[in-house]
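Beneath this line is the structure, given in structure tokens, with notes to follow.
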Amino acid sequence: AVADEIADAMTAAAPLARCAVNNGGDIAVRLAPGEIFALGLIDRPDKPSLFARATIRAEDGVGGVATSGWRGRSFSCGVADAVTILARNAADADAAATLVANAVDLPGHPAVMRARACDLQPDSDLGPRLVTRAVGALSPDDIEAALASGLTQASEFEKSGHIRAAALHLAGRTLTIGGLAPSPALKRRADAAG
């Protein structure tokens, strides 16, 4: 919401063709007609590695981008390395990224180490909820099952109009949804949706 507020203030104060405000990874994007914004999606902030690219066009109706995952700066209840969401604003993208990243999960899996949020950060609003601290080796079936769970949540958000596109990344595998052609990174994949 902070990134949205600043981007709106900037575009109200000056006739900007393109504006992007990055508030710790929650990015508000404002594009004038005909403008584009290219971005790279990374799977972990400590060792950035590009896993996808996206091009946002003004007519796509995307005003926000956010990424969530267990390797990020905030706690996650899931096992996704990264879930990037494109939505109409940064606040919606942030909320959806958190929920979809939490849905990419393997409850009770022995390769996933979890701890209570309050034990890691006493003032955490997550209290005793278990958050992911480490993810060990996963089988291809585990990876597909976790991504499928997250894809179900992302698809519900897309169908309801809450998000425009999503990229879910786990252990080198990426699934995407969204109709942002020509960007191959966030183009609906028939095999992912089915």
Side-chain angles (χ1 to χ4, degrees), residues 25-27 39-56 60 62 64-87 92-117 126 129-194:
D26 300 337
I27 305 168
L39 60 138
L41 285 57
I42 63 169
D43 57 354
R44 53 187 293 181
D46 60 332
K47 295 180 182 178
S49 174
L50 194 67
F51 72 85
R53 299 173 191 265
T55 301
I56 302 168
D60 291 329
V62 172
V65 180
T67 300
S68 186
W70 78 269
R71 296 178 186 269
R73 61 183 171 81
S74 300
F75 293 141
S76 178
C77 299
V79 298
D81 293 322
V83 168
T84 299
I85 300 288
L86 279 59
D92 287 353
D94 180 38
T98 298
L99 294 171
V100 174
N102 286 346
V104 178
D105 200 10
L106 295 165
H109 194 286
V112 180
M113 186 180 96
R114 301 179 198 264
R116 295 181 341 149
L126 295 174
R129 287 188 70 187
L130 294 177
V131 295
T132 304
R133 303 309 299 149
V135 178
L138 301 174
S139 73
D141 287 345
D142 292 336
I143 294 165
E144 292 304 315
L147 287 171
S149 178
L151 190 66
T152 297
Q153 180 69 73
S155 296
E156 289 174 14
F157 287 154
E158 184 197 23
K159 287 175 188 167
S160 66
H162 288 97
I163 70 171
R164 303 287 193 258
L168 293 68
H169 185 74
L170 173 60
R173 176 89 164 103
T174 303
L175 297 182
T176 62
I177 63 167
L180 294 184
S183 172
L186 294 177
K187 188 172 85 175
R188 181 178 297 280
R189 291 173 29 169
D191 63 314

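All of these numbers come straight from a predicted model, not from anything done at the bench.
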Separation between CZ of R116 and CZ of R129, rounded to the nearest 0.5 Å:
13.5 Å
For T67, the option from D81, T84, D43 that meets side chain to side chain contact (heavy atoms under 4.5 Å, CB included)
T84
I want to check something: taking the side chain as every heavy atom from C-beta on, are H109 and L138 in contact at a cut-off of under 4.5 Å?
yes
List the steps, then state whether side chain to side chain contact (heavy atoms under 4.5 Å, CB included) holds for F75 with R133.
CA-CA 8 Å; F75 293 141; R133 303 309 299 149; 3.7 Å; yes
Could you check if a side-chain atom of L99 sits within less than 4.5 angstrom of a side-chain atom of F157, using non-hydrogen atoms only?
yes
Report yes if some heavy atom in the side chain of R71 is under 4.5 Å from a heavy atom in the side chain of K47; otherwise report no.
no
I need the E144 CD to L151 CG distance, nearest 0.5 Å.
10.0 Å
Heavy-atom side-chain proximity of V83 to H169 below 4.5 angstrom:
no
Taking all heavy atoms of A87 and all of D92, pick out the closest pair and write down the distance.
CB-CB, 3.9 Å
Indicate yes or no for a side-chain donor-acceptor contact from S149 to the backbone of A145 under 3.5 Å, with no hydrogens or angles considered.
no
Shortest non-hydrogen contact between A137 and A111, atoms and distance:
O-CB, 3.5 Å
Nearest heavy-atom neighbours spanning A146 and L170:
CB-CD2, 3.7 Å
Side-chain contact test, heavy atoms from C-beta onward, threshold under 4.5 Å: evaluate it for N102 versus S76 and give yes or no.
yes
For the residue pair C77 and D105, establish whether any side-chain heavy-atom pair is separated by less than 4.5 Å.
no
Close side-chain approach of I56 and V65, heavy atoms under 4.5 Å:
yes
Would you indicate whether the side-chain heavy atoms of D60 and R164 approach each other to under 4.5 Å?
no
Minimum heavy-atom distance between A171 and I143, given as atom pair plus value
CB-CD1, 3.5 Å
Interatomic spacing from CG in L147 to CG in D142 - rounded to 0.5 Å:
11.0 Å
In terms of heavy-atom contacts, A97 and S68 come closest through O-CB, 3.4 Å
Out of curiosity, L130 CG to M113 CE, how far, rounded to the nearest 0.5 Å?
11.5 Å
Heavy-atom pair of closest approach, residues G78 and T132
O-OG1, 2.7 Å
Atom CD1 in I85, atom CD in E158: separation rounded to 0.5 Å?
10.0 Å
Nearest 0.5 angstrom please: L168 CG to I177 CD1, how far?
7.5 Å
